[in-house]
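Here's the structure, in C-alpha coordinates; my notes come after.
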Amino acid sequence: MTEKLIEKLKGISLFKGLHKNPEALAALIKVGSVIEVKKGQVIFLEDDVGSSLYIPLSGSYDILKRTRAGDVYTVSKLDGDMPVFFGELTLIDEDRRSASVTATSNGECFVLEKKHFDQFAEDNPRWALSIVLEISKTLAARLRKTTADMLTIFDALVEEIKS
Amino acid sequence: MMFLGIVIAGYVAGIAASRIVEGNNKARRGLVDYNTITDHIVICGWKDHIKSILLDIVDLSTEFPSENIVLISNVDPDKVEALRDDGRLKNLKFVRGDYYSDATLRRANVGKASKVIVLADVLESNSSTEVDSKTVMTVMSIKNISKDTYVCAELIDQKYQTNLKAVACDEIFLIRDLSRKLLTNTSVIQGMSHIMYAIIDRKEGGVRLATPPIPMAWVGRSYQELKNHYWQNQSKLVIGILENSGSTKKMKLDALRDAQKTSDVSQLVQNLMKVKQMEPNYPVLLPDDNYVLNKHSRAIVLERI
(Lines give C-alpha, C1' and ligand atoms only; values in the text may rest on other atoms or scores of the structure.)
Protein backbone atom coordinates (compact mmCIF):
# COMPACT_ATOMS: atom_id res chain seq x y z
CA MET A 1 0.00 0.00 0.00
CA THR A 2 2.79 2.45 0.89
CA GLU A 3 4.48 1.83 -2.48
CA LYS A 4 1.21 2.52 -4.27
CA LEU A 5 0.71 5.69 -2.25
CA ILE A 6 4.26 6.87 -2.95
CA GLU A 7 3.61 6.41 -6.68
CA LYS A 8 0.37 8.34 -6.35
CA LEU A 9 2.03 11.23 -4.46
CA LYS A 10 4.80 11.41 -7.06
CA GLY A 11 2.13 12.41 -9.58
CA ILE A 12 0.77 15.23 -7.39
CA SER A 13 2.12 18.69 -8.27
CA LEU A 14 2.04 19.72 -4.62
CA PHE A 15 4.90 17.30 -3.93
CA LYS A 16 6.91 18.20 -7.04
CA GLY A 17 9.98 18.97 -4.94
CA LEU A 18 9.87 15.51 -3.35
CA HIS A 19 9.29 13.38 -6.47
CA LYS A 20 12.86 12.06 -6.35
CA ASN A 21 12.75 11.59 -2.59
CA PRO A 22 10.75 8.46 -1.75
CA GLU A 23 12.00 8.66 1.84
CA ALA A 24 10.31 12.07 2.25
CA LEU A 25 7.11 10.82 0.64
CA ALA A 26 7.11 7.76 2.91
CA ALA A 27 7.52 10.03 5.96
CA LEU A 28 4.60 12.16 4.74
CA ILE A 29 2.44 9.08 4.23
CA LYS A 30 3.23 8.04 7.79
CA VAL A 31 1.73 11.23 9.24
CA GLY A 32 -1.37 11.00 7.05
CA SER A 33 -4.14 8.42 6.83
CA VAL A 34 -6.27 6.69 4.22
CA ILE A 35 -10.03 6.93 4.69
CA GLU A 36 -12.86 5.17 2.91
CA VAL A 37 -15.64 7.27 1.49
CA LYS A 38 -19.11 6.13 0.58
CA LYS A 39 -21.17 7.24 -2.40
CA GLY A 40 -23.07 10.39 -1.47
CA GLN A 41 -20.78 11.20 1.46
CA VAL A 42 -20.08 14.90 1.95
CA ILE A 43 -16.31 15.24 2.38
CA PHE A 44 -16.68 18.85 3.47
CA LEU A 45 -19.06 21.76 2.93
CA GLU A 46 -18.43 25.24 1.55
CA ASP A 47 -17.73 27.69 4.41
CA ASP A 48 -16.78 24.87 6.82
CA VAL A 49 -13.57 25.63 8.70
CA GLY A 50 -11.10 23.13 7.30
CA SER A 51 -7.80 21.71 8.44
CA SER A 52 -7.00 18.81 6.12
CA LEU A 53 -5.67 18.16 2.66
CA TYR A 54 -7.41 15.42 0.67
CA ILE A 55 -5.91 13.42 -2.18
CA PRO A 56 -8.45 11.12 -3.89
CA LEU A 57 -6.97 7.65 -4.47
CA SER A 58 -10.06 6.12 -6.03
CA GLY A 59 -13.72 6.93 -6.65
CA SER A 60 -15.27 10.05 -8.14
CA TYR A 61 -16.06 13.42 -6.60
CA ASP A 62 -18.12 16.52 -7.36
CA ILE A 63 -16.82 19.96 -6.48
CA LEU A 64 -19.84 22.17 -5.76
CA LYS A 65 -20.33 25.85 -5.03
CA ARG A 66 -23.26 28.08 -4.12
CA THR A 67 -24.20 31.20 -6.07
CA ARG A 68 -25.14 34.42 -4.28
CA ALA A 69 -28.76 33.37 -4.75
CA GLY A 70 -28.08 30.11 -2.91
CA ASP A 71 -28.26 27.80 -5.94
CA VAL A 72 -25.76 24.94 -5.94
CA TYR A 73 -23.81 24.20 -9.13
CA THR A 74 -21.06 21.76 -10.07
CA VAL A 75 -17.70 23.42 -10.61
CA SER A 76 -15.96 20.23 -11.68
CA LYS A 77 -16.02 16.45 -11.45
CA LEU A 78 -12.89 14.70 -10.25
CA ASP A 79 -11.70 11.14 -10.46
CA GLY A 80 -9.36 9.27 -8.16
CA ASP A 81 -7.29 8.38 -11.25
CA MET A 82 -6.48 12.06 -11.83
CA PRO A 83 -3.51 13.71 -10.08
CA VAL A 84 -5.82 16.00 -8.10
CA PHE A 85 -6.12 17.21 -4.56
CA PHE A 86 -8.23 19.66 -2.57
CA GLY A 87 -7.96 21.60 0.66
CA GLU A 88 -4.22 22.25 0.32
CA LEU A 89 -4.46 25.81 1.70
CA THR A 90 -5.52 24.43 5.08
CA LEU A 91 -1.97 23.14 5.56
CA ILE A 92 -0.94 26.80 5.92
CA ASP A 93 -4.06 28.45 7.28
CA GLU A 94 -7.22 27.04 8.78
CA ASP A 95 -9.83 28.98 6.88
CA ARG A 96 -13.26 28.44 5.40
CA ARG A 97 -13.59 25.95 2.55
CA SER A 98 -14.22 27.67 -0.78
CA ALA A 99 -16.34 24.81 -2.16
CA SER A 100 -18.12 21.62 -1.09
CA VAL A 101 -16.87 18.18 -2.08
CA THR A 102 -19.16 15.17 -2.33
CA ALA A 103 -18.22 11.59 -3.22
CA THR A 104 -20.30 10.35 -6.15
CA SER A 105 -19.05 6.80 -5.76
CA ASN A 106 -17.35 4.66 -3.14
CA GLY A 107 -13.63 5.34 -2.91
CA GLU A 108 -10.61 6.16 -0.82
CA CYS A 109 -8.80 9.36 0.02
CA PHE A 110 -5.42 10.12 1.54
CA VAL A 111 -5.91 12.73 4.27
CA LEU A 112 -3.24 14.94 5.80
CA GLU A 113 -4.28 16.96 8.86
CA LYS A 114 -2.67 20.34 9.44
CA LYS A 115 -1.49 19.42 12.94
CA HIS A 116 0.29 16.35 11.55
CA PHE A 117 1.78 18.38 8.71
CA ASP A 118 3.02 20.94 11.29
CA GLN A 119 4.77 18.11 13.16
CA PHE A 120 6.20 16.79 9.86
CA ALA A 121 7.46 20.33 9.12
CA GLU A 122 9.16 20.60 12.50
CA ASP A 123 10.89 17.27 12.03
CA ASN A 124 11.69 17.77 8.32
CA PRO A 125 11.83 21.51 7.54
CA ARG A 126 13.49 21.20 4.12
CA TRP A 127 10.93 18.68 2.91
CA ALA A 128 8.06 20.76 4.27
CA LEU A 129 9.51 23.89 2.66
CA SER A 130 9.20 22.38 -0.84
CA ILE A 131 5.51 21.62 -0.19
CA VAL A 132 4.86 25.12 1.17
CA LEU A 133 6.63 26.55 -1.90
CA GLU A 134 4.21 24.73 -4.19
CA ILE A 135 1.26 25.99 -2.14
CA SER A 136 2.66 29.53 -2.40
CA LYS A 137 2.87 29.18 -6.19
CA THR A 138 -0.80 28.13 -6.20
CA LEU A 139 -1.67 31.16 -4.07
CA ALA A 140 0.33 33.50 -6.32
CA ALA A 141 -1.45 32.13 -9.41
CA ARG A 142 -4.84 32.61 -7.74
CA LEU A 143 -3.93 36.17 -6.75
CA ARG A 144 -2.97 36.96 -10.33
CA LYS A 145 -6.28 35.47 -11.50
CA THR A 146 -8.20 37.49 -8.92
CA THR A 147 -6.50 40.66 -10.15
CA ALA A 148 -7.39 39.79 -13.74
CA ASP A 149 -10.99 39.03 -12.66
CA MET A 150 -11.23 42.37 -10.86
CA LEU A 151 -10.12 44.13 -14.05
CA THR A 152 -12.69 42.17 -16.06
CA ILE A 153 -15.46 43.25 -13.70
CA PHE A 154 -14.16 46.83 -13.65
CA ASP A 155 -14.15 46.98 -17.46
CA ALA A 156 -17.68 45.54 -17.57
CA LEU A 157 -18.90 48.14 -15.07
CA VAL A 158 -17.28 50.98 -17.00
CA GLU A 159 -18.91 49.76 -20.25
CA GLU A 160 -22.23 49.53 -18.48
CA ILE A 161 -22.00 53.09 -17.16
CA LYS A 162 -20.83 54.41 -20.54
CA SER A 163 -23.77 52.80 -22.33
CA MET B 1 -100.99 46.62 7.70
CA MET B 2 -101.25 44.81 4.43
CA PHE B 3 -101.46 48.11 2.61
CA LEU B 4 -98.33 49.33 4.49
CA GLY B 5 -96.49 46.11 3.56
CA ILE B 6 -97.34 46.58 -0.12
CA VAL B 7 -96.17 50.21 0.01
CA ILE B 8 -92.85 49.25 1.66
CA ALA B 9 -92.26 46.35 -0.78
CA GLY B 10 -93.02 48.67 -3.67
CA TYR B 11 -90.64 51.31 -2.31
CA VAL B 12 -87.79 48.78 -1.85
CA ALA B 13 -88.34 47.30 -5.32
CA GLY B 14 -88.33 50.80 -6.75
CA ILE B 15 -85.02 51.64 -5.11
CA ALA B 16 -83.47 48.33 -6.26
CA ALA B 17 -84.67 48.87 -9.82
CA SER B 18 -83.40 52.43 -9.85
CA ARG B 19 -79.99 51.25 -8.59
CA ILE B 20 -79.80 48.61 -11.31
CA VAL B 21 -80.75 51.12 -13.99
CA GLU B 22 -78.25 53.62 -12.67
CA GLY B 23 -75.56 50.92 -12.57
CA ASN B 24 -76.28 49.90 -16.15
CA ASN B 25 -76.26 53.52 -17.18
CA LYS B 26 -72.89 54.10 -15.57
CA ALA B 27 -71.52 50.94 -17.22
CA ARG B 28 -72.88 52.11 -20.58
CA ARG B 29 -71.17 55.47 -20.16
CA GLY B 30 -67.89 53.85 -19.13
CA LEU B 31 -67.94 55.17 -15.58
CA VAL B 32 -67.72 51.85 -13.74
CA ASP B 33 -64.43 50.65 -12.27
CA TYR B 34 -63.52 47.04 -12.94
CA ASN B 35 -60.88 46.62 -10.28
CA THR B 36 -61.88 43.11 -9.27
CA ILE B 37 -61.76 41.57 -12.72
CA THR B 38 -58.75 39.30 -13.40
CA ASP B 39 -57.27 37.30 -16.31
CA HIS B 40 -59.10 39.51 -18.76
CA ILE B 41 -57.90 41.23 -21.91
CA VAL B 42 -57.69 45.01 -22.05
CA ILE B 43 -57.84 46.88 -25.34
CA CYS B 44 -56.47 50.42 -25.15
CA GLY B 45 -57.60 52.76 -27.89
CA TRP B 46 -60.11 52.84 -30.71
CA LYS B 47 -59.98 52.02 -34.39
CA ASP B 48 -62.62 52.26 -37.12
CA HIS B 49 -62.65 48.50 -37.46
CA ILE B 50 -62.57 47.82 -33.71
CA LYS B 51 -65.69 45.66 -34.03
CA SER B 52 -63.88 43.19 -36.31
CA ILE B 53 -60.92 43.13 -33.96
CA LEU B 54 -63.13 42.38 -30.95
CA LEU B 55 -65.18 39.75 -32.79
CA ASP B 56 -62.00 38.04 -33.99
CA ILE B 57 -60.72 37.91 -30.39
CA VAL B 58 -64.01 36.44 -29.17
CA ASP B 59 -64.16 33.92 -32.03
CA LEU B 60 -60.52 32.80 -31.90
CA SER B 61 -60.12 32.47 -28.18
CA THR B 62 -61.96 30.46 -25.55
CA GLU B 63 -60.47 32.55 -22.72
CA PHE B 64 -61.88 35.88 -23.83
CA PRO B 65 -65.67 35.98 -24.23
CA SER B 66 -66.96 39.54 -24.29
CA GLU B 67 -67.38 39.71 -20.49
CA ASN B 68 -63.61 39.23 -20.21
CA ILE B 69 -62.80 42.12 -22.52
CA VAL B 70 -62.36 45.66 -21.21
CA LEU B 71 -62.14 48.46 -23.73
CA ILE B 72 -60.51 51.74 -22.66
CA SER B 73 -61.14 54.76 -24.84
CA ASN B 74 -62.41 58.33 -24.88
CA VAL B 75 -64.84 57.43 -27.63
CA ASP B 76 -68.55 58.36 -27.44
CA PRO B 77 -70.34 55.69 -25.33
CA ASP B 78 -72.99 55.37 -28.06
CA LYS B 79 -70.35 53.92 -30.37
CA VAL B 80 -69.50 51.29 -27.76
CA GLU B 81 -73.20 50.57 -27.28
CA ALA B 82 -73.44 49.98 -31.03
CA LEU B 83 -70.73 47.31 -30.65
CA ARG B 84 -72.82 45.57 -28.01
CA ASP B 85 -75.69 45.24 -30.48
CA ASP B 86 -73.82 42.25 -31.80
CA GLY B 87 -74.77 39.42 -29.41
CA ARG B 88 -71.18 38.19 -29.24
CA LEU B 89 -70.12 41.49 -27.70
CA LYS B 90 -73.13 42.12 -25.49
CA ASN B 91 -71.12 41.90 -22.25
CA LEU B 92 -68.22 44.02 -23.43
CA LYS B 93 -66.89 46.20 -20.60
CA PHE B 94 -66.02 49.81 -21.24
CA VAL B 95 -63.90 52.28 -19.30
CA ARG B 96 -64.12 55.82 -20.61
CA GLY B 97 -60.97 57.87 -20.27
CA ASP B 98 -57.46 58.48 -21.55
CA TYR B 99 -55.96 55.03 -22.02
CA TYR B 100 -52.46 56.36 -21.35
CA SER B 101 -53.48 57.66 -17.92
CA ASP B 102 -52.42 55.67 -14.88
CA ALA B 103 -55.76 56.22 -13.11
CA THR B 104 -57.79 55.02 -16.12
CA LEU B 105 -55.61 51.95 -16.59
CA ARG B 106 -56.10 51.05 -12.93
CA ARG B 107 -59.88 51.29 -13.39
CA ALA B 108 -59.54 48.45 -15.90
CA ASN B 109 -57.28 46.54 -13.46
CA VAL B 110 -54.49 46.16 -16.03
CA GLY B 111 -52.22 44.83 -13.28
CA LYS B 112 -54.27 41.60 -13.20
CA ALA B 113 -55.00 41.38 -16.92
CA SER B 114 -53.91 38.37 -18.91
CA LYS B 115 -52.99 40.61 -21.83
CA VAL B 116 -53.17 44.28 -22.78
CA ILE B 117 -53.30 45.35 -26.41
CA VAL B 118 -52.44 48.97 -27.11
CA LEU B 119 -53.80 50.07 -30.47
CA ALA B 120 -52.40 52.80 -32.65
CA ASP B 121 -55.38 55.01 -31.85
CA VAL B 122 -56.06 57.72 -34.45
CA LEU B 123 -59.30 58.91 -32.79
CA GLU B 124 -57.86 62.19 -31.53
CA SER B 125 -54.94 62.67 -33.89
CA ASN B 126 -53.68 61.41 -37.23
CA SER B 127 -50.07 62.30 -36.59
CA SER B 128 -48.03 59.09 -36.31
CA THR B 129 -45.67 60.82 -33.85
CA GLU B 130 -48.52 61.70 -31.49
CA VAL B 131 -50.18 58.32 -31.83
CA ASP B 132 -46.96 56.39 -31.23
CA SER B 133 -45.92 58.65 -28.34
CA LYS B 134 -49.21 57.88 -26.61
CA THR B 135 -48.59 54.19 -27.21
CA VAL B 136 -45.14 54.39 -25.59
CA MET B 137 -46.58 56.36 -22.64
CA THR B 138 -49.33 53.77 -22.21
CA VAL B 139 -46.92 50.84 -22.18
CA MET B 140 -44.71 52.69 -19.67
CA SER B 141 -47.71 53.29 -17.40
CA ILE B 142 -48.82 49.67 -17.62
CA LYS B 143 -45.35 48.34 -16.85
CA ASN B 144 -45.15 50.77 -13.94
CA ILE B 145 -48.36 49.32 -12.53
CA SER B 146 -47.26 45.74 -13.12
CA LYS B 147 -44.07 44.52 -14.78
CA ASP B 148 -45.63 41.07 -15.23
CA THR B 149 -48.56 42.19 -17.37
CA TYR B 150 -48.15 40.99 -20.97
CA VAL B 151 -48.37 43.97 -23.33
CA CYS B 152 -48.70 44.00 -27.11
CA ALA B 153 -48.41 47.40 -28.75
CA GLU B 154 -49.18 48.59 -32.23
CA LEU B 155 -46.75 51.14 -33.67
CA ILE B 156 -47.10 53.08 -36.86
CA ASP B 157 -43.48 54.21 -37.14
CA GLN B 158 -40.63 51.84 -36.29
CA LYS B 159 -38.49 54.68 -34.90
CA TYR B 160 -40.29 54.24 -31.57
CA GLN B 161 -39.51 50.56 -31.44
CA THR B 162 -36.40 51.04 -29.25
CA ASN B 163 -38.46 53.09 -26.80
CA LEU B 164 -40.96 50.25 -26.46
CA LYS B 165 -38.18 47.69 -26.07
CA ALA B 166 -36.60 49.86 -23.37
CA VAL B 167 -39.83 49.65 -21.34
CA ALA B 168 -39.95 45.87 -21.85
CA CYS B 169 -42.98 45.75 -24.15
CA ASP B 170 -43.59 42.05 -24.79
CA GLU B 171 -44.76 42.24 -28.40
CA ILE B 172 -44.61 45.03 -30.96
CA PHE B 173 -46.57 45.21 -34.23
CA LEU B 174 -45.05 47.56 -36.72
CA ILE B 175 -48.11 48.04 -38.87
CA ARG B 176 -46.52 50.14 -41.61
CA ASP B 177 -43.47 47.91 -41.71
CA LEU B 178 -45.52 44.68 -41.74
CA SER B 179 -47.65 45.92 -44.57
CA ARG B 180 -44.63 47.05 -46.58
CA LYS B 181 -42.79 43.77 -46.05
CA LEU B 182 -45.83 41.77 -47.05
CA LEU B 183 -46.10 43.78 -50.24
CA THR B 184 -42.42 43.48 -51.13
CA ASN B 185 -42.40 39.75 -50.37
CA THR B 186 -45.43 39.35 -52.59
CA SER B 187 -43.57 41.03 -55.43
CA VAL B 188 -40.78 38.43 -55.32
CA ILE B 189 -42.50 35.30 -53.97
CA GLN B 190 -45.57 34.06 -55.77
CA GLY B 191 -48.67 33.69 -53.64
CA MET B 192 -47.02 35.11 -50.52
CA SER B 193 -49.98 37.24 -49.49
CA HIS B 194 -52.37 34.30 -49.90
CA ILE B 195 -50.06 32.03 -47.91
CA MET B 196 -49.76 34.53 -45.04
CA TYR B 197 -53.50 35.07 -45.06
CA ALA B 198 -54.21 31.34 -44.98
CA ILE B 199 -51.98 30.97 -41.93
CA ILE B 200 -53.40 33.84 -39.92
CA ASP B 201 -57.04 33.53 -41.04
CA ARG B 202 -57.48 30.39 -38.92
CA LYS B 203 -60.36 29.00 -40.99
CA GLU B 204 -61.82 25.62 -40.07
CA GLY B 205 -60.05 22.92 -42.06
CA GLY B 206 -57.04 25.14 -42.61
CA VAL B 207 -53.83 25.50 -40.65
CA ARG B 208 -52.74 27.87 -37.96
CA LEU B 209 -49.60 28.85 -36.15
CA ALA B 210 -49.44 27.97 -32.47
CA THR B 211 -46.81 28.37 -29.75
CA PRO B 212 -47.28 25.64 -27.13
CA PRO B 213 -44.90 25.95 -24.16
CA ILE B 214 -41.98 23.51 -23.99
CA PRO B 215 -42.25 21.53 -20.72
CA MET B 216 -39.30 21.59 -18.28
CA ALA B 217 -38.65 17.90 -18.99
CA TRP B 218 -37.65 18.85 -22.54
CA VAL B 219 -35.15 21.56 -21.51
CA GLY B 220 -31.66 20.47 -22.55
CA ARG B 221 -32.93 18.15 -25.29
CA SER B 222 -32.54 18.86 -28.99
CA TYR B 223 -34.74 20.64 -31.51
CA GLN B 224 -34.71 17.48 -33.64
CA GLU B 225 -36.20 15.41 -30.83
CA LEU B 226 -38.94 17.99 -30.37
CA LYS B 227 -39.67 18.11 -34.11
CA ASN B 228 -39.93 14.30 -34.27
CA HIS B 229 -42.12 14.14 -31.18
CA TYR B 230 -44.64 16.65 -32.54
CA TRP B 231 -44.72 15.12 -36.03
CA GLN B 232 -44.95 11.49 -34.96
CA ASN B 233 -47.39 11.96 -32.11
CA GLN B 234 -49.52 14.92 -33.14
CA SER B 235 -48.93 15.44 -36.89
CA LYS B 236 -47.79 19.00 -36.14
CA LEU B 237 -44.89 20.65 -37.91
CA VAL B 238 -42.37 22.45 -35.70
CA ILE B 239 -40.78 25.29 -37.65
CA GLY B 240 -38.83 26.96 -34.87
CA ILE B 241 -38.47 27.92 -31.25
CA LEU B 242 -39.79 31.05 -29.57
CA GLU B 243 -37.13 32.00 -27.02
CA ASN B 244 -37.68 34.11 -23.91
CA SER B 245 -41.43 33.77 -23.79
CA GLY B 246 -43.45 34.35 -20.64
CA SER B 247 -43.11 36.93 -17.92
CA THR B 248 -40.05 39.07 -18.70
CA LYS B 249 -39.39 39.71 -15.01
CA LYS B 250 -39.50 36.05 -14.03
CA MET B 251 -37.41 35.05 -17.03
CA LYS B 252 -34.71 37.57 -16.26
CA LEU B 253 -34.62 36.55 -12.59
CA ASP B 254 -34.25 32.90 -13.62
CA ALA B 255 -31.60 33.79 -16.19
CA LEU B 256 -29.69 35.84 -13.60
CA ARG B 257 -29.67 32.88 -11.23
CA ASP B 258 -28.40 30.57 -13.98
CA ALA B 259 -25.80 33.10 -15.15
CA GLN B 260 -24.08 32.97 -11.75
CA LYS B 261 -23.43 29.23 -11.93
CA THR B 262 -19.78 29.55 -12.92
CA SER B 263 -16.52 30.23 -11.10
CA ASP B 264 -15.04 31.83 -14.22
CA VAL B 265 -15.50 35.60 -13.85
CA SER B 266 -15.12 36.28 -17.58
CA GLN B 267 -17.82 33.72 -18.27
CA LEU B 268 -19.96 35.29 -15.52
CA VAL B 269 -19.67 38.73 -17.10
CA GLN B 270 -20.57 37.28 -20.52
CA ASN B 271 -23.55 35.48 -19.02
CA LEU B 272 -24.77 38.67 -17.35
CA MET B 273 -24.42 40.60 -20.62
CA LYS B 274 -26.52 37.94 -22.36
CA VAL B 275 -29.23 38.38 -19.73
CA LYS B 276 -29.16 42.13 -20.25
CA GLN B 277 -29.56 41.75 -24.01
CA MET B 278 -32.34 39.15 -23.73
CA GLU B 279 -35.12 39.90 -26.20
CA PRO B 280 -38.58 38.69 -25.18
CA ASN B 281 -40.43 36.46 -27.64
CA TYR B 282 -37.43 36.01 -29.91
CA PRO B 283 -38.20 33.58 -32.76
CA VAL B 284 -35.48 31.19 -33.89
CA LEU B 285 -36.77 29.72 -37.14
CA LEU B 286 -35.52 26.40 -38.51
CA PRO B 287 -32.52 26.10 -36.16
CA ASP B 288 -29.96 23.29 -36.46
CA ASP B 289 -31.24 19.88 -35.43
CA ASN B 290 -28.89 19.88 -32.44
CA TYR B 291 -30.13 23.28 -31.19
CA VAL B 292 -30.59 22.92 -27.44
CA LEU B 293 -34.00 23.71 -25.97
CA ASN B 294 -33.91 26.35 -23.24
CA LYS B 295 -36.13 27.29 -20.31
CA HIS B 296 -38.97 29.74 -20.99
CA SER B 297 -39.22 28.77 -24.64
CA ARG B 298 -42.12 27.68 -26.83
CA ALA B 299 -42.36 25.58 -29.96
CA ILE B 300 -43.49 27.43 -33.12
CA VAL B 301 -45.86 24.94 -34.64
CA LEU B 302 -48.01 24.70 -37.77
CA GLU B 303 -51.07 22.63 -36.99
CA ARG B 304 -54.33 21.69 -38.64
CA ILE B 305 -57.49 23.29 -37.32
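Proteins get letters first, then strands, A, B, ... in listed order; numbering begins at 1 in each.
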Once rounded to the nearest 0.5 Å, what's the spacing between atom CG of A:Asp71 and atom CZ of B:Arg257? 4.0 Å
Counting only heavy atoms from other residues, nucleotides and ligands, does the tally under 6.0 Å from CD of B:Gln267 exceed 12? yes
How about B:Lys47: does its NZ atom have over 12 heavy atoms from other parts shown lying under 6.0 Å from it? yes
Show the nearest heavy-atom pair for residues B:Ser263 and A:Lys65, with the distance to one decimal. OG-CD, 3.7 Å
N/O donor to acceptor pairs below 3.5 angstrom from side-chain atoms of residues 275-286 of chain B, sequence neighbours left out:
from, atom 1, to, atom 2, distance (Å)
B:Lys276, NZ, A:Glu160, OE1, 3.2
B:Lys276, NZ, A:Glu160, OE2, 3.0
B:Asn281, ND2, B:Tyr150, OH, 2.8
B:Asn281, ND2, B:Asp170, O, 2.9

Measuring heavy-atom distances to chain B, does A:Arg68 have an atom under 4.5 Å in its side chain, in its backbone, in both, or in neither? both
Heavy-atom neighbours of A:Glu36 CD exceed 12 at 6.0 Å: no
Can you tell me if B:Met140 has over 12 outside heavy atoms packed within less than 6.0 Å of its CE? no
Those residues of residues 138-155 of chain A that come under 4.5 Å of chain B on a heavy-atom basis, listed by number, are A:Lys145, A:Asp149, A:Thr152, A:Ile153
More than 12 foreign heavy atoms under 6.0 Å from CZ of B:Arg180: is that the case here? yes
With a cut-off of 6.0 Å (strictly less than), are more than 12 heavy atoms of other residues, nucleotides or ligands near NZ of A:Lys16? no
Hey, what do you get for CG (B:Asp258) to OH (A:Tyr73), rounding to the nearest 0.5 Å? 12.5 Å
